[in-house]
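This report concerns only the one structure given below.
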Number of protein chains: 2
Amino acid sequence: MKKKFTIRDVAKKAGLSLSTISLVLNNKGYVSDANKQKILSIIKELDYHPQRSARGLASQLSGNIGFILTEDHFSQSEPFYTRIFLGTEFEARKHNYYILLTTVGKNVKETYEIPRFLLEHNVDGVIIAGKIGSSWIEYISNKHIPFLLVDYVAPKVSNITIDNRTGAELVVQHFLRGGHKKIGFIGGDLRHPSIHERFAQYQSVLLAAGITPSEQWYNVDQSNTTSSDGYEAAKKIFNSNDNKPTAIFAANDAMAIGCMQYLKENGFRIPKDIAIAGFDNIEAGLHVEPRLTTVNVHREEMGSLAVRRIVEMVKEKNGVVTKTITPVELVVRDSCGIRMD
Amino acid sequence: MKKKFTIRDVAKKAGLSLSTISLVLNNKGYVSDANKQKILSIIKELDYHPQRSARGLASQLSGNIGFILTEDHFSQSEPFYTRIFLGTEFEARKHNYYILLTTVGKNVKETYEIPRFLLEHNVDGVIIAGKIGSSWIEYISNKHIPFLLVDYVAPKVSNITIDNRTGAELVVQHFLRGGHKKIGFIGGDLRHPSIHERFAQYQSVLLAAGITPSEQWYNVDQSNTTSSDGYEAAKKIFNSNDNKPTAIFAANDAMAIGCMQYLKENGFRIPKDIAIAGFDNIEAGLHVEPRLTTVNVHREEMGSLAVRRIVEMVKEKNGVVTKTITPVELVVRDSCGIRMD
DNA sequence: GTAATATATCGAAACGGTTCGATATATAAA
DNA sequence: TTTATATATCGAACCGTTTCGATATATTAC
């Protein structure tokens with residue numbers, strides 16, 4: 001078992017002081033080119049790597065970024081936020097950071113389980129994904145640590161969001177182009193800004209097209225947006241209703257899939273009788289039959305962006321609030337029966 | 001901005017030495033009950049929490065566990081290993097650890113991108129998920145750091161695996177019970193022990209039932225096990241073959257789904273013409289039509305077990321090699337058309 | 001009653017880096 | 001030439017813990 005080398009070993013071997021080694025390690029200050037090369041080659045020779053905790057202690061920087069998810073988002077089967085997490089992980093590596101993932105309850109008080117990485121000063125910045133209680137935002141804000149939200153909004157806080165309005169517009173336009181007039185919507189948890197925007201834009205686009213959405217076409221009463229919520233919402237709309245829509249825009253793919261299930265069970269043909277489109281472009285939409293038309297969201301990219309922004313914030317220490325919107329595209333498959341020629 | 005307290009503040013306030021505080025912090029040595037209570041209450045009052053990096057430096061323990069995944073497992077759309085990761089994350093918290101996730105190339109040399117957490121001594125143990133090059137196993141072995149494999153095997157290395165044999169047996173017995181004789185298998189990447197075991201047991205069980213599997217019934221030539229591999233394997237079996245199987249056991253759900261797609265496209269009815277079962281019980285199996293009969297694998301639990309074991313290994317420092325097998329159950333849904341009455 | 005052991009507390013030395021002046025020399029500006 | 005500035009290197013302090021004796025007292029064993 002070869003013992004591990006320290007910066008002292010490097011210094012001794014180079015005949016220079018610790019500080020000089022540290023300077024080249026961090027690319028700071030002034031070091032002559034000759035010595036820099038010498039040190040670098042000794043570092044390579046010894047396979048020396050500075051120890052994270054020692055660095056952390058001295059510099060008061062952990063080299064970690066915290067990723068916070070609420071428990072319900074975490075347990076939701078659909079890996080929407082998981083993909084965002086994977087995006088952060090990938091990007092973090094480029095910046096020599098690690099991501100520490102943790103889940104929390106809706107609100108601070110509720111559980112009093114504060115993420116350990118916040119207490120132990122083990123992260124330099126924090127990314128929060130999805131809807132979260134404002135108490136958490138306040139709590140972290142008071143920690144004076146850089147943080148931002150992904151797929152959520154709060155006043156005076158930087159965030160990365162989805163271009164929900166464009167997405168909703170693309171879907172509704174797609175239906176209109178297919179000749180649909182009675183276009184419905186199913187959704188839930190309108191307090192989530194993404195869902196709310198999708199619903200709001202659905203209404204505006206219809207109105208702009210001269211169509212007033214009937215209350216019998218849409219349902220946004222579900223408290224959540226899972227596939228079983230989609231099933232329930234579909235039931236409410238299609239069960240004994242004399243003014244049924246011919247197309248359904250679901251707030252997300254999970255709901256769309258639940259909705260499809262209800263329709264199929266009740267003898268509706270998709271897309272012949274009812275056209276359906278979702279939002280998010282999750283994997284399952286490919287395996288469902290017919291394959292789901294949806295709006296693609298760049299989840300990994302959102303994670304990347306979040307990390308890049310956090311890294312900036314850690315460096316700059318300034319307080320500029322940025323709001324970044326990521327683009328979306330319509331993904332036309334078979335569940336609407338509308339060609340794109 | 002309230003400044004953060006250190007162990008010194010606690011000591012001062014308690015009128016005791018640093019060492020005594022440290023002792024109660026770590027539940028070590030002897031501290032009188034009176035002082036212990038006093039210290040504890042001061043800690044609570046100040047909301048003091050020891051700083052991770054300082055601890056790490058002094059104790060030479062990082063409080064982190066590394067989770068290594070090969071790049072191809074990572075990019076595979078099916079979140080099989082992701083779920084294992086989430087299981088580790090959840091369990092780690094109970095033990096006051098964090099998980100550092102990273103992906104690596106198949107082999108050490110290939111990329112020469114060694115996970116930073118190994119170089120910087122930033123993990124106390126390592127979990128490796130899925131198939132990985134033996135060069136990696138050797139490399140980490142030489143680091144003299146506790147590690148184990150999940151869903152993979154290597155000589156003299158602890159691991160957590162799936163009871164693939166029982167799973168395969170359950171599926172084949174299920175087919176036999178349904179009256180099938182010509183039972184096929186599709187798979188790929190036989191060098192992965194899980195796949196290999198499933199295939200081997202499929203053969204043994206058939207033989208034990210007095211059936212010799214025909215080469216026209218199975219295909220294990222795919223290099224991978226994605227849904228498109230399943231599609232291709234199905235094509236090879238069902239495209240102009242005068243001795244077609246009536247049931248297909250797919251090495252995993254992804255392949256089963258690809259196989260279903262091929263069959264549906266080519267006019268086979270499931271399960272009427274061909275019965276299909278998979279393995280893994282991934283989410284997508286619920287959304288496919290008919291819903292996929294499969295074998296449930298406790299992925300989160302495997303992650304939990306892995307963390308518990310690693311924590312033990314870090315504590316014990318002994319070298320006992322353990323091999324843990326996690327159970328599976330048959331999940332009967334609609335793709336085999338066999339009732340369980 | 002004395003020796004051995006358990007309990008309680010502390011000072012000081014790690015742990016392995018970063019960073020702030022101090023010092024010295026080379027270069028540019030006046 | 002003198003002064004200011006850029007370049008180069010170093011020593012020492014510091015980051016916030018843990019842990020190893022040392023010391024002192026209380027308890028138990030014989």
Side-chain angles (χ1 to χ4, degrees), chain A residues 3-40 42-43 46-64 96 116-117 119-124 314-315, chain B residues 3-40 42-43 46-64 96 116-117 119-122 124 314-315 317:
Chain A
K3 69 159 183 220
K4 37 198 86 157
F5 295 106
T6 74
I7 196 173
R8 247 161 274 268
D9 299 310
V10 178
K12 198 168 300 170
K13 189 143 191 170
L16 292 166
S17 72
L18 295 194
S19 3
T20 306
I21 313 297
S22 178
L23 288 179
V24 349
L25 238 32
N26 297 288
N27 246 321
K28 282 183 178 173
Y30 296 109
V31 178
S32 72
D33 238 41
N35 278 339
K36 185 176 284 186
Q37 293 315 317
K38 185 185 193 180
I39 291 170
L40 252 21
I42 290 177
I43 286 178
L46 299 187
D47 194 28
Y48 163 76
H49 292 271
Q51 200 165 305
R52 189 66 259 176
S53 15
R55 261 195 154 157
L57 178 57
S59 68
Q60 294 296 75
L61 287 172
S62 64
N64 299 323
N96 280 9
R116 247 179 44 249
F117 58 56
L119 301 172
E120 298 178 339
H121 302 283
N122 200 18
V123 291
D124 304 331
V314 171
K315 283 212 185 90
Chain B
K3 69 158 182 217
K4 38 197 87 157
F5 295 107
T6 75
I7 198 172
R8 240 164 281 269
D9 299 310
V10 178
K12 198 169 297 170
K13 190 142 191 171
L16 292 165
S17 74
L18 295 195
S19 1
T20 305
I21 313 297
S22 178
L23 288 180
V24 349
L25 237 33
N26 296 287
N27 246 319
K28 283 183 177 172
Y30 298 109
V31 179
S32 72
D33 238 41
N35 277 340
K36 186 176 283 186
Q37 293 315 318
K38 185 184 193 180
I39 291 170
L40 252 22
I42 290 176
I43 285 178
L46 299 186
D47 193 29
Y48 163 75
H49 292 271
Q51 199 164 307
R52 190 64 260 176
S53 18
R55 264 195 149 158
L57 178 56
S59 67
Q60 293 296 76
L61 287 173
S62 64
N64 298 324
N96 279 11
R116 248 178 45 249
F117 57 56
L119 301 173
E120 297 177 339
H121 301 283
N122 201 18
D124 304 332
V314 170
K315 280 208 186 93
K317 272 292 180 201

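All figures in this text were calculated on a predicted structure; none of them were measured in a lab. In what follows, chains carry the letters A, B, and so on, assigned in the order in which the sequence lines appear, proteins first and then strands, with residues in each chain numbered from 1.
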Euclidean distance, atom [atom1] of residue [X] to atom [atom2] of [N] [Å, nearest integer]:
{"X": "Arg8(A)", "N": "dA14(C)", "atom1": "CZ", "atom2": "P", "answer": "11 Å"}
{"X": "Arg52(A)", "N": "dT18(C)", "atom1": "CZ", "atom2": "P", "answer": "9 Å"}
{"X": "Leu61(A)", "N": "dC14(D)", "atom1": "CG", "atom2": "P", "answer": "20 Å"}
{"X": "Leu23(B)", "N": "dG16(D)", "atom1": "CG", "atom2": "P", "answer": "20 Å"}
{"X": "Phe5(A)", "N": "dC15(C)", "atom1": "CZ", "atom2": "C1'", "answer": "18 Å"}
{"X": "Ile21(A)", "N": "dG11(D)", "atom1": "CD1", "atom2": "C1'", "answer": "14 Å"}
{"X": "Leu57(A)", "N": "dG16(D)", "atom1": "CG", "atom2": "C1'", "answer": "5 Å"}
{"X": "Ile7(A)", "N": "dC15(C)", "atom1": "CD1", "atom2": "P", "answer": "15 Å"}

Pick the nucleotide of DNA chain D nearest each of Lys36(A) and Gln51(B); which residue has the one closer to the 5' end? Lys36(A)
Between [N] and [X], is there an OP1 or OP2 to side-chain N/O distance shorter than 4.0 Å?
{"X": "Asn26(A)", "N": "dT18(C)", "result": "yes"}
{"X": "Ser22(B)", "N": "dT19(D)", "result": "no"}
{"X": "Tyr30(B)", "N": "dT7(C)", "result": "yes"}
{"X": "Lys28(A)", "N": "dT19(C)", "result": "yes"}
{"X": "Gln60(A)", "N": "dG16(D)", "result": "yes"}
{"X": "Ser17(B)", "N": "dC10(C)", "result": "yes"}
{"X": "Thr6(A)", "N": "dG16(C)", "result": "no"}
{"X": "Asn35(B)", "N": "dT9(C)", "result": "yes"}
{"X": "Arg55(A)", "N": "dT18(C)", "result": "yes"}
{"X": "Thr20(A)", "N": "dC10(D)", "result": "yes"}

Over all atoms of both residues, closest heavy-atom pair of [X] and [Y]:
{"X": "Asn96(A)", "Y": "Arg116(B)", "answer": "O-NH2, 3.0 Å"}
{"X": "Tyr30(B)", "Y": "Leu23(B)", "answer": "O-CD1, 4.2 Å"}
{"X": "Ala14(A)", "Y": "Ile39(A)", "answer": "CB-CG1, 4.4 Å"}
{"X": "Asp124(A)", "Y": "Val314(A)", "answer": "O-CG2, 3.5 Å"}

For residues Asn122(A) and Arg55(B), is any side-chain donor paired with an opposing acceptor at under 3.5 Å? no
Assess, by modelled atom type and distance only, whether the side chains of Arg52(A) and Asn64(A) contain a donor and an acceptor separated by less than 3.5 Å. no
Has the side chain of Ser19(A) got a donor or acceptor atom sitting under 3.5 Å from an opposite partner on the base of dG11(D)? yes
Sorted by position of nearest nucleotide on DNA chain C, 5' first, the leading residue of Leu18(B) and Ala58(B) is Leu18(B)
Of the candidates dT9(D), dT19(D), dG16(D), the side chain of Ser32(A) sits closest to dT9(D)
